[in-house]
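See structure below.
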There are 2 protein chains.
Amino acid sequence: MKMSTRGRYGTRAMLDIALNYGKGPVSLKDMAQRQEISVKYLEQLIPPLKAVGLIRSIRGAGGGYTLTRHPSKINLLEIMQSLERTSPVDCLDSPDVCPRVKKCATYDVWKEIQESTNNILRSLTLADMMERQHVKSNKS
Amino acid sequence: MKMSTRGRYGTRAMLDIALNYGKGPVSLKDMAQRQEISVKYLEQLIPPLKAVGLIRSIRGAGGGYTLTRHPSKINLLEIMQSLERTSPVDCLDSPDVCPRVKKCATYDVWKEIQESTNNILRSLTLADMMERQHVKSNKS
DNA sequence: TAGAATTCCTAGTAATACAATAGGATTTTC
DNA sequence: GAAAATCCTATTGTATTACTAGGAATTCTA
């Protein structure tokens with residue numbers, strides 16, 4: 001029932017890029033400072049995010065990363081799914097791994113949990129997160 | 001975002017005991033055969049379940065385990081919480097581990113997810129699961 | 001009262017996944 | 001051509017998880 005740092009750091013990174021939307025690319029160096037995550041670790045989260053087409057990179061000095069779509073068109077489920085296995089239990093993704101699936105009463109429970117978390121993540125866009133971030137920043 | 005086998009096997013074990021409610025204790029040997037989990041591994045799930053008072057043991061030949069309450073009075077959250085860390089992220093249980101908690105927009109998301117899964121688990125009792133199990137068994 | 005069946009207890013191990021680091025190649029700007 | 005970035009691959013450390021092992025203690029039954 002644990003979420004890995006990949007997914008968590010990755011969404012923070014995406015939010016960081018989103019907050020600079022329309023103002024040019026964000027470098028890992030800057031991101032690393034703001035988010036207090038090492039550049040080297042952030043570097044590893046980038047390829048999967050690029051692979052699913054959520055971000056675009058600009059190489060060389062002055063380069064960095066930008067979103068490929070408007071923040072309101074990217075939801076957290078997309079981000080999480082590209083970075084980690086979102087399924088709480090293997091049998092949900094590949095029912096073949098367990099011969100008990102059909103007669104297993106608990107199977108349905110894990111499925112219900114997966115669906116509810118996916119719904120939450122899908123309902124939240126980066127634009128929503130930007131809004132929340134602003135509210136939080138103003139309060140403190 | 002993964003759930004450990006402890007929690008999953010544990011709930012299956014509890015359901016197994018529940019299905020024998022009122023008919024005497026269930027031995028690990030029998031449970032192991034039905035659930036296809038080694039006795040030795042099941043043995044390790046027992047102490048935490050006993051510690052929170054969900055089951056009672058009867059030692060010696062003919063012994064085994066019984067529920068301490070009616071199946072309708074035991075929910076899955078109690079079981080899971082005794083067996084594994086149910087929090088998807090450490091900062092939810094102990095906000096001190098991360099100084100960013102207050103300004104972290106993603107924190108609220110993980111919290112929402114935790115609450116929704118906890119609600120699902122809390123809403124399901126072993127009696128519900130027994131019912132589901134019977135439906136599944138009759139169908140196949 | 002012996003022996004079989006069971007829970008109880010503690011330790012140990014093997015495998016896996018996770019988190020993080022290292023070093024250098026490539027691209028682009030100025 | 002130097003600096004600032006991304007890009008790529010490998011490696012290491014570490015923690016957790018899953019599982020096994022061996023034997024002590026308890027209780028039932030014949």
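Note on naming: letters A, B, ... go to the chains in the order of the sequence lines (proteins, then strands), and numbering restarts at 1 for each one. Below, each value reflects all heavy atoms present in this structure, side chains not excepted, and no hydrogens, waters or symmetry copies.
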#### Entry: Under 4.0 angstrom between B:Tyr65 side-chain N/O and C:dC8 OP1 or OP2
yes
### Message
Here's a test of your reading of the structure: between A:Ser38 and B:Val39, which maps to the more 5' nucleotide of DNA chain C?
### Response
B:Val39
### Task
Take the protein atom CZ of A:Arg6 and the nucleotide atom P of D:dA15, then report the distance between them rounded to whole Å.
20 Å
### Query
Would you say C:dC8 has OP1 or OP2 under 4.0 Å from some side-chain N or O of B:Lys50?
yes
### Query
Which letter, B, S or -, goes with each nucleotide of nucleotides 23-30 of chain D from 5' to 3', with contact meaning a protein heavy atom under 4.0 Å?
B-BBBS--
### Query
Is there a side-chain polar atom (N or O) of A:Ser27 under 4.0 Å from OP1 or OP2 of D:dA4?
no
### Task
For B:Thr5 and B:Tyr41, test the side chains for any donor-to-acceptor distance below 3.5 angstrom and give the result as yes or no.
yes
### Query
From the list D:dT20, C:dT21, C:dT7, which nucleotide is the closest neighbour of the side chain of A:Gln44?
C:dT21
#### Entry: Rounded distance (Å) that lies between atom C1' of D:dC8 and atom CG of A:Leu45
15 Å
### Note: B:Lys50-B:Glu43 ion pair, threshold 4.0 Å (strictly below)
no
### Query
Considering only side-chain heavy atoms of B:Thr5, which listed nucleotide, C:dT7, C:dC18, D:dA18, is closest?
D:dA18
### Message
Tell me whether B:Glu78 is salt-bridged to B:Lys73, with the criterion being a basic N under 4.0 Å from an acidic carboxylate O.
### Response
no
### Message
Testing the 3.5 Å rule here: is there a donor-acceptor pair between the side chains of A:Thr125 and A:Asp128?
### Response
yes
### Query
Is there side-chain contact between A:Ile113 and B:Leu121, with at least one heavy-atom pair below 4.5 Å?
yes
### Task
Select from A:Leu28 and B:Tyr9 the residue whose nearest nucleotide in DNA chain D is closer to the 5' end of that strand.
A:Leu28
### Task
Using atom OH of B:Tyr41 as one end and atom C1' of D:dA18 as the other, report the distance to the nearest whole Å.
5 Å
### Distance test, side-chain N/O of B:Lys29 to OP1/OP2 of C:dT7, below 4.0 Å
no
### Whole-Å distance separating the CZ atom of A:Arg56 from the P atom of D:dC7
12 Å
Which pairs of donor and acceptor atoms, one on a side chain in residues 25-37 of chain B, lie under 3.5 Å apart (sequence neighbours left out)?
{"residue": "B:Ser27", "atom": "OG", "partner": "B:Asp30", "partner atom": "N", "Å": "3.2"}
{"residue": "B:Arg34", "atom": "NE", "partner": "B:Asp16", "partner atom": "OD1", "Å": "3.3"}
{"residue": "B:Arg34", "atom": "NE", "partner": "B:Asp16", "partner atom": "OD2", "Å": "3.0"}
{"residue": "B:Arg34", "atom": "NH2", "partner": "B:Asp16", "partner atom": "OD1", "Å": "2.7"}
{"residue": "B:Gln35", "atom": "OE1", "partner": "B:Arg12", "partner atom": "NE", "Å": "3.1"}
{"residue": "B:Gln35", "atom": "NE2", "partner": "B:Asp16", "partner atom": "OD2", "Å": "2.8"}
{"residue": "B:Glu36", "atom": "OE2", "partner": "A:Arg100", "partner atom": "NE", "Å": "3.0"}
{"residue": "B:Glu36", "atom": "OE2", "partner": "A:Arg100", "partner atom": "NH2", "Å": "3.4"}

### Task
Grab the CG-P distance between A:Asp90 and C:dT16 for me, whole Å please.
13 Å
### Query
A:Ser57 side chain N/O closer than 4.0 Å to the phosphate oxygens (OP1, OP2) of D:dA5?
no
### Message
side-chain contact (heavy atoms from CB on, under 4.5 Å), that's the test. Do B:Leu19 and B:His134 meet it? Break it down for me.
### Response
CA-CA 10 Å; B:Leu19 287 166; B:His134 285 134; 4.1 Å; yes
### Task
Grab the CE-C1' distance between B:Met3 and D:dT16 for me, whole Å please.
17 Å
### Whole angstrom value for the distance that separates P of C:dA17 from CG of A:Leu83
17 Å
### Task
Mind calculating the distance between CE (A:Met31) and C1' (D:dA4) to the nearest angstrom?
15 Å
